[in-house]
Amino acid sequence: MSAEAQAAGISQGVISQALSGVTQDPAVLNFDRRQRGTFTSRSSNIFQRGWGRGGSNTGRAMLLRHASLLSRIEQQFGVPPQIIVAIWGLESDFGKGDIGKLPVVRTLATMAHDCRRSELFQANCSPR
């Protein structure tokens with residue numbers, strides 16, 4: 001990772017500060033492996049499964065509570081509010097999950113090193 005960062009123009013000082021002492025985090029791998037099967041379907045099926053006919057009560061509440069912001073996001077980026085809220089609920093249970101409890105650099109380094117879905121976290125790694 002250090003060599004790839006250096007090739008991308010990142011200074012050695014920044015690389016050392018970010019990656020010094022970083023080790024693989026088994027908890028991150030456990031979280032990731034528990035998601036096995038979550039993303040084997042088409043995204044439309046995931047959203048239907050996650051929202052059901054009427055959607056979740058929390059999801060509907062978040063759509064209403066954040067309607068103005070979600071509308072601006074849709075205008076600027078073209079992503080419908082329902083998609084954003086569905087991903088938000090799926091990935092973090094609307095902030096109730098483990099979000100913010102894991103160190104970002106260590107988590108991303110672990111995911112890149114694992115190489116199962118490394119193309120999401122690192123450019124030069126072949127999936128296992």
Side-chain angles (χ1 to χ4, degrees):
M1 292 182 128
S2 295
E4 187 175 331
Q6 195 166 24
I10 310 290
S11 75
Q12 188 57 48
V14 170
I15 295 167
S16 295
Q17 185 178 12
L19 297 178
S20 179
V22 171
T23 59
Q24 191 173 51
D25 187 341
V28 169
L29 296 176
N30 288 335
F31 285 140
D32 182 55
R33 289 193 171 95
R34 282 198 313 246
Q35 291 185 346
R36 210 172 268 241
T38 301
F39 297 104
T40 57
S41 303
R42 294 166 98 35
S43 60
S44 59
N45 292 340
I46 292 168
F47 296 121
Q48 288 171 354
R49 227 179 28 229
W51 284 72
R53 285 184 161 243
S56 76
N57 290 333
T58 305
R60 281 195 303 272
M62 293 300 179
L63 280 168
L64 291 172
R65 183 179 304 154
H66 301 286
S68 176
L69 173 62
L70 292 166
S71 178
R72 289 192 312 269
I73 292 170
E74 183 176 28
Q75 290 290 320
Q76 186 170 352
F77 300 103
V79 180
Q82 296 83 354
I83 298 296
I84 294 169
V85 171
I87 293 170
W88 181 18
L90 182 68
E91 289 296 326
S92 76
D93 194 18
F94 302 105
K96 295 178 202 158
D98 293 310
I99 195 165
K101 297 178 184 172
L102 300 172
V104 172
V105 173
R106 184 176 187 199
T107 299
L108 291 175
T110 296
M111 295 301 294
H113 182 265
D114 187 46
C115 287
R116 283 184 327 111
R117 296 187 299 150
S118 58
E119 68 279 0
L120 300 174
F121 306 97
Q122 183 182 9
N124 299 319
C125 193
S126 302
R128 289 183 188 164

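Along the sequence shown, residues are numbered consecutively beginning with 1.
Between Ile10 atom CD1 and Gln17 atom CD the span is 12.5 Å, to the nearest 0.5 Å. If you take CG on Leu69 and CE on Met62, they are separated by 12.5 Å, rounding to the nearest 0.5 Å. With rounding to the nearest 0.5 angstrom, the CD1 atom of Ile84 is 5.5 Å from the CG atom of Leu70.
Panel note: side chain Thr110, backbone Asp25; a donor-acceptor pair is recorded below 3.5 Å.
Leu29 and Phe31 fall into different hydrophobic clusters, defined by Ile, Leu, Val, Met, Phe, Trp and Tyr side-chain heavy atoms under 4.5 Å apart, directly or through other members. Taken together through direct or relayed side-chain contacts under 4.5 Å among Ile, Leu, Val, Met, Phe, Trp and Tyr, Ile83 and Phe77 form part of one hydrophobic cluster.
Between Thr58 and Phe94, the shortest heavy-atom distance links the atoms CG2-CD1, 3.3 Å. Pairing each heavy atom of Val105 with each of Ala18, the nearest pair is CG1-O, 3.3 Å. Scanning both residues, Leu63 and Gln82, for their nearest heavy atoms gives CD2-N, 4.0 Å.
Looking at Leu19 and Ser2, their side chains come closer than 4.5 Å, going by heavy atoms from C-beta outward. Looking at Trp88 and His66, their side chains come closer than 4.5 Å, going by heavy atoms from C-beta outward.
Under the 3.5 Å distance criterion, with hydrogens and angles disregarded, a donor-acceptor pair is assigned to the side chains of Gln12 and Ser16.
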### Query
Can Glu74 and Val79 be said to form a side chain to side chain contact (heavy atoms under 4.5 Å, CB included), step by step?
CA-CA 5 Å; Glu74 183 176 28; Val79 180; 6.0 Å; no

